[in-house]
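Here the structure is laid out as structure tokens; the discussion comes afterwards.
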Amino acid sequence: EELGWRGYALPRLLQLVSARVSTLLLALVWGVWHAPMFFVTESLQAREPIWLFATAVFAWACIHSALYLRSRPSIVPNLVFHAAANLT
């Protein structure tokens, strides 16, 4: 995922709009990307309300954008952060 979101999409969005707008747009796309998981009974999304999921996606998108922008930009911190989150 990070290759697509932060490695490809974010740099291109940053050429067009601000970091805040780029993050918001990525959060929206990322949320839609994960929406089918609401229909998978064993998934985390199936057990939480949609408003909580939307808030979490926005917060995570902010963290991921900050990691990317503060790493000269590199997706390695994003890969590590996402992997650590999935492991927990």
Side-chain angles (χ1 to χ4, degrees):
E1 283 183 79
E2 297 315 319
L3 290 172
W5 303 135
R6 263 46 78 171
Y8 181 81
L10 185 57
R12 282 151 184 81
L13 284 170
L14 289 170
Q15 292 175 351
L16 302 172
V17 294
S18 70
R20 288 181 183 175
V21 174
S22 296
T23 299
L24 178 60
L25 291 172
L26 277 181
L28 290 171
V29 173
W30 202 19
V32 171
W33 174 266
H34 284 93
M37 294 304 291
F38 279 98
F39 303 103
V40 177
T41 310
E42 299 83 23
S43 72
L44 293 174
Q45 286 90 340
R47 294 180 278 182
E48 65 183 12
I50 197 157
W51 67 268
L52 183 60
F53 172 75
T55 303
V57 166
F58 178 70
W60 283 73
C62 291
I63 292 167
H64 275 291
S65 288
L67 286 171
Y68 177 81
L69 292 169
R70 287 172 173 63
S71 64
R72 294 186 208 145
S74 169
I75 63 165
V76 173
N78 298 93
L79 293 169
V80 172
F81 181 68
H82 199 150
N86 286 347
L87 286 173
T88 59

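If you read the sequence from its start, that first residue is 1, and numbering goes on from there.
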Return the [atom1] to [atom2] distance between [X] and [Y], rounded to the nearest 0.5 Å.
X: L10; Y: S22; atom1: CG; atom2: OG; result: 6.0 Å
X: S65; Y: L26; atom1: OG; atom2: CG; result: 6.0 Å
X: F58; Y: L24; atom1: CZ; atom2: CG; result: 6.0 Å
X: E1; Y: W30; atom1: CD; atom2: CH2; result: 6.5 Å
X: I75; Y: H82; atom1: CD1; atom2: NE2; result: 12.0 Å
X: H64; Y: T23; atom1: NE2; atom2: OG1; result: 11.0 Å

Row check, W5 ring normal vs R12 NZ/CZ: under 6.0 Å, within 45°: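 No; the conditions do not both hold, so R12 does not lie above the ring face of W5.
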Nearest non-hydrogen partners of P36 and V32, listed with the distance: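 For P36 and V32, the tightest heavy-atom pair comes out as CD-O, 3.5 Å.
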Derivation of the side chain to side chain contact (heavy atoms under 4.5 Å, CB included) call for H34 and F53: CA-CA 10 Å; H34 284 93; F53 172 75; 3.6 Å; yes
Test log, rule side chain to side chain contact (heavy atoms under 4.5 Å, CB included), inputs L3 and Y8: CA-CA 6 Å; L3 290 172; Y8 181 81; over 6 Å; no
Identified side-chain contact (heavy atoms from CB on, under 4.5 Å) partner of Y68 from the options P73, P77, S74: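 Of the listed residues P73, P77, S74, the side-chain contact (heavy atoms from CB on, under 4.5 Å) partner of Y68 is P73.
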Heavy-atom neighbours of I50 CD1 exceed 12 at 6.0 Å: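 No.
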L69 vs L14, side chain to side chain contact (heavy atoms under 4.5 Å, CB included): CA-CA, chis, key distance, verdict: CA-CA 10 Å; L69 292 169; L14 289 170; 3.7 Å; yes
Transitive ILVMFWY side-chain link W33 to W60, under 4.5 Å: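 Yes, it is one cluster - the side chains of W33 and W60 are joined through contacts under 4.5 Å.
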